[in-house]
Amino acid sequence: MTAIAPSLLQELASRLEWAGAKTFGAVGQTLGQTVTPAKDLRFGDYQCNGPLTLAKTLGQKPREVATALLAALDVADFCEAPTIDGPGFLNFRLKPDFLAQRLQTMQRGDRLGIPPVPHPQKIILDFSSPNIAKEMHVGHLRSTILGDCLARVLSFWGHEVLRLNHVGDWGTQFGMLITHLQTTHPAALDQADALALGDLVALYRAAKARFDEDAAFREASRLAVVDLQSGEPMARLAWQLLCEQSRREFQKIYDGLGVHLTERGESFYNPYLKAVVQDLAALGLLQEDQGAQCVFLEGFLNKEGQPLPLIVQKSDGGYNYATTDLAAVRYRVTQDRAQRLIYVTDAGQADHFAAVFQVAQRAGWLPPTVEAVHVPFGLVLGEDGKKFRTRSGDTVSLQSLLDEAIARAAADWQSRNPGQPVPEEVVRTMAMGAIKYADLSQNRTSNYVFSYDKMLSLQGNTAPYLLYAYVRVQGIGRKGDLDFAQLADGLFTFADETEITLAKHLVQLPEVLMAVASDLYPNRLCQYLFELSQKFNQFYDRLPVLAAPEPERASRLGLCDLTAKVLRQGLELLGISVLEKM
RNA sequence: GGGGCUGUAGCUCAGUAGGAUAGAGCGAGCGCCUCCUAAGCGCUAGGCCGCGCGUUCGAUUCGCGCCAGUCCCGCCA
């Protein structure tokens, strides 16, 4: 008997695929893709609806298809005999013996029994990407949190993940800013930290306003960009000072969130921009339109039905973000040798990335062997359902948002523990966990309503609820004081339904982590962990652990220990640290 | 005007390669601590799955058309 895959879903899929092919030929192979976790636990643990669909193609009755399939299907090593129910559903139930054995495997391994993928990929994950000379704001929060979580999950599977911070450190805004500073704060151009970053942000706004209304200023700014791009020393120095200052501010936030990134900003690709345009021209993809160099897109039409252009060189000869992104794709494929490019940016950039990927493919820079994918996400809204802003209408700086979450978590803790000193680490962990979990637990494609009260709540699908479940389970483990390394086989026995329910949930971890790695939806992992906590709490409520007789006591301690390990690992993959006491 | 995303319980949201009685949390009501942290658990109430048409044995899911919200739409990123 061959080994059973860590993902039982995948194991069932490949067995069904084999049995389907044997019974019905090529059309039967697709049966493997029709197995899902059971919708209702009364039906079993996994279900396959394939026979109903296949029956139509084959012109047979669904139940006949199911019966024929079962004759060729052997899952007896981990499932009870499958049943055919309703119009032709196949239902599978895991064998308790197998469950016990699988839990033991998870218990003993340092990776919860999940081996890394056999063929790791080089993956570039592009996320966070704030703009130099501006403060990070709530809009950067989702990219940073989502990107970090995806990086952690992909790394867990053994992929080589390069986390790139594609910071906005180049282009028109620097021309504006430098020109404005020349007249208002010349010291900032050649002395480090002459301005606070907050002032810099205000100055940036002022510069933008001048740029929009003052033609002379616009021209001066344009010349400043030219200076900068040609490497003129004074412009270069000013640019470096501004970048350094911003970088330090960003780092404070990344440190607070526990997020690591490699900075490789837009300026990095500057030397490659010219070649992008030249090579597009050589490939015959480039056309001039109103003075700009464009690639006309397939499938993107304007209101007259004409193809829309992707501009890669402006009429003034400058390059833009499309050029940079094309150069980046090219560099990441040829120099970094990436096999998967992932961009975590807001949904508003969907068209832009679709256009860039299309042009890169047509130019041959993005071969079919490399997957490029935009991971879009919705807006962060305030509780009024409108864009998240301060009361005065400004965008909320990320630092103030994090500080506010910590302050509220501290106040909440104090109200429940009057007169006691507030444990800084506990409060910090809860606050950061709450912010991350609130974001990650929602389907990223929808807009998300930011609410301190909800994310910090101890009830419901929140980080504090999960952290508390972990604290409870660890409390038992400490008192139980069992050395699992010393225990022989046969640790797990199931006397009660809640134990089996918990056990079945625990063994589903691999298939959930696989789904997150392929579909890039972290909310699935959150859902899994929340359900795990609920199932653990039900078990905890119903059954004694420490006071139970052997062998139940050791088995239940084993379930507690494994639950703790899965919770800790799962939360770590979300970028959330656990607490031992609350 | 064109395109993307979204529309599911009072609120915040899951879910669906088309399938068995549509799920959870919060909020509301009721119950459970001589017992491992009650920051917990159980029960009850609450739904034309935005609207209409179509494909299908079967549509919340797929297609088309509306309606509403939101974002994007050649030289910002």
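Within every chain, numbering begins at 1; the chains are lettered A, B, ... in the order of the sequence lines, protein sequences first and strands thereafter.
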Colleague: Can you identify which nucleotide, out of B/rG27, B/rU70, B/rU12, has its nearest atom closest to the A/Gln459 side chain?
Modeller: B/rG27
Colleague: When all nucleic acid strands are considered with a 4.0 Å heavy-atom cut-off, which category describes A/Asn523: base, sugar-phosphate, or nothing?
Modeller: sugar-phosphate
Colleague: Please convert RNA chain B into dot-bracket. A pair counts if it is Watson-Crick or G-U wobble with both distances under 3.5 Å; crossing pairs go in [ ] and bases paired with another strand get |.
Modeller: (((((((..((((.....[...)))).(((((.......))))).....(((((..]....))))))))))))....
Colleague: Given atom CZ of A/Phe353 and atom C1' of B/rG3, what is their separation to the nearest angstrom?
Modeller: 18 Å
Colleague: Measure the distance from NZ on A/Lys535 to C1' on B/rG40 and round it to the nearest whole Å.
Modeller: 17 Å
Colleague: Look at the side chain of A/Asn91 against the base of B/rA20 and say whether a donor-acceptor pair falls under 3.5 Å; ignore hydrogens and angles.
Modeller: yes
Colleague: What is the distance from CG of A/Leu567 to C1' of B/rA39, rounded to the nearest Å?
Modeller: 15 Å
Colleague: Counting only side-chain heavy atoms from C-beta out, which of B/rC57, B/rG40, B/rU12 sits nearest to A/Arg472?
Modeller: B/rG40
Colleague: Do you know which two heavy atoms are closest between A/Val277 and A/Val312, and how far apart they sit?
Modeller: CG2-O, 3.8 Å
Colleague: Determine the contact category for A/Leu543: base if any of its heavy atoms lies under 4.0 Å from a base atom, sugar-phosphate if only primed atoms, P, OP1 or OP2 are that close, otherwise nothing.
Modeller: base
Colleague: Should A/Tyr540 be counted as stacked on B/rG40, where stacking needs a ring-centre gap under 5.5 Å and an angle between planes under 30 degrees?
Modeller: no
Colleague: By the 4.0 Å heavy-atom rule, please label A/Val449 as base, sugar-phosphate, or nothing.
Modeller: sugar-phosphate
Colleague: Ring-plane angle category for A/Phe353 and A/Tyr343, please: parallel below 30°, perpendicular beyond 60°, tilted otherwise.
Modeller: tilted
Colleague: Picking from B/rG40, B/rU12, B/rC36, which would you name as closest to the side chain of A/Tyr465?
Modeller: B/rG40
Colleague: Rounding to a whole Å, what distance do you find between A/Met430:CE and B/rA39:C1'?
Modeller: 8 Å
Colleague: Return a table of donor-acceptor pairs under 3.5 angstrom between the side chains of residues 58-65 of chain A and protein atoms on other chains or two or more places apart.
Modeller:
from    : atom 1 : to      : atom 2 : distance (Å)
A/Arg63 : NH1    : A/Gly86 : O      : 2.5
A/Arg63 : NH2    : A/Ile84 : O      : 3.3

Colleague: Taking the inter-plane angle between the rings of A/Tyr331 and A/Phe268 on a 0 to 90° scale, is it parallel (under 30°), tilted (30 to 60°) or perpendicular (over 60°)?
Modeller: perpendicular
Colleague: Taking the side chain of A/Leu379 as heavy atoms from C-beta outward, which of B/rA24, B/rU56, B/rC71 is closest to it?
Modeller: B/rC71
Colleague: What's A/Pro87 touching, base or sugar-phosphate or nothing? Going by heavy atoms closer than 4.0 Å.
Modeller: nothing
Colleague: Syn or anti for B/rC33, taking syn as within 90° of 0?
Modeller: syn
Colleague: Just call it for A/Arg42: base, sugar-phosphate, or nothing, with non-hydrogen atoms closer than 4.0 Å on any strand.
Modeller: base
Colleague: Would you classify A/Gly348 as touching base, sugar-phosphate or nothing, given that sugar-phosphate means primed atoms plus P, OP1 and OP2, and contacts are heavy atoms under 4.0 Å?
Modeller: sugar-phosphate
Colleague: Show the numbers, then the answer: is there a ring pair (Phe, Tyr, Trp, His ring centres under 6.0 Å) between A/Tyr269 and A/His166?
Modeller: CA-CA 10 Å; A/Tyr269 303 98; A/His166 191 77; 5.7 Å; yes
Colleague: Heavy atoms only, 4.0 Å cut-off, all strands: where does A/Asp289 land among base, sugar-phosphate and nothing?
Modeller: base
Colleague: Could you please name the option among B/rG42, B/rG40, B/rA20 that lies closest to any side-chain atom of A/Gln538?
Modeller: B/rG42
Colleague: Just do the ring pair (Phe, Tyr, Trp, His ring centres under 6.0 Å) check on A/Phe388 and A/His137 with the steps written out, would you?
Modeller: CA-CA 10 Å; A/Phe388 193 69; A/His137 57 80; over 10 Å; no
Colleague: Is the backbone of A/Gln420 close enough, under 3.5 Å, to the side chain of A/Asn417 for a donor and an acceptor to pair up by distance?
Modeller: no
Colleague: Side-chain N or O of A/Asn131 versus OP1/OP2 of B/rA77: is the shortest distance under 4.0 Å?
Modeller: no
Colleague: Does A/Arg472 make a cation-pi contact with A/Phe536 (under 6.0 Å, within 45 degrees of the axis)?
Modeller: no
Colleague: The side chain of A/Lys314 lies closest to which of these nucleotides: B/rC75, B/rA24, B/rU12?
Modeller: B/rC75
Colleague: Return the polar atom pairs (N/O with N/O) between nucleotides 4-9 of chain B and the protein under 3.5 Å, or none.
Modeller:
from  : atom 1 : to       : atom 2 : distance (Å)
B/rC5 : O2'    : A/Thr445 : O      : 3.4

Colleague: Give one of base, sugar-phosphate or nothing for A/Gln534, where a contact means two heavy atoms less than 4.0 Å apart.
Modeller: sugar-phosphate
Colleague: Whole angstroms only, please: what is the NE2-P distance between A/His352 and B/rC71?
Modeller: 19 Å
Colleague: Contact class for A/Asn443 vs. all strands (heavy atom < 4.0 Å): base, sugar-phosphate, or nothing?
Modeller: sugar-phosphate
Colleague: Please assess A/Cys48 against A/Phe89 for the test side chain to side chain contact (heavy atoms under 4.5 Å, CB included), listing each intermediate value before the final yes or no.
Modeller: CA-CA 6 Å; A/Cys48 172; A/Phe89 302 105; over 6 Å; no
Colleague: Quick check: does any side chain N or O of A/Arg408 sit under 3.5 Å from a backbone N or O of A/Tyr452, one acting as donor and the other as acceptor?
Modeller: no
Colleague: At under 4.0 Å between heavy atoms, what does A/Phe530 touch on the DNA or RNA strands: base, sugar-phosphate, or nothing?
Modeller: sugar-phosphate
Colleague: With sugar-phosphate meaning primed atoms plus P, OP1 and OP2, does A/Glu531 contact a base, only sugar-phosphate, or nothing at under 4.0 Å between heavy atoms?
Modeller: nothing
Colleague: Between A/Leu297 (CG) and B/rC73 (P), how many Å, whole number?
Modeller: 14 Å
Colleague: B/rA20 phosphate, OP1 or OP2: any side-chain N/O from A/Lys39 under 4.0 angstrom?
Modeller: yes
Colleague: What I want to check is whether an N or O donor and acceptor connect the side chain of A/Arg416 with the base of B/rA39 at under 3.5 Å.
Modeller: yes
Colleague: Expressed as a whole number of angstroms, how long is the span from A/Phe89:CZ to B/rU21:P?
Modeller: 8 Å
Colleague: Whole angstrom is fine here: how far is it from CZ in A/Phe43 over to P in B/rA22?
Modeller: 11 Å
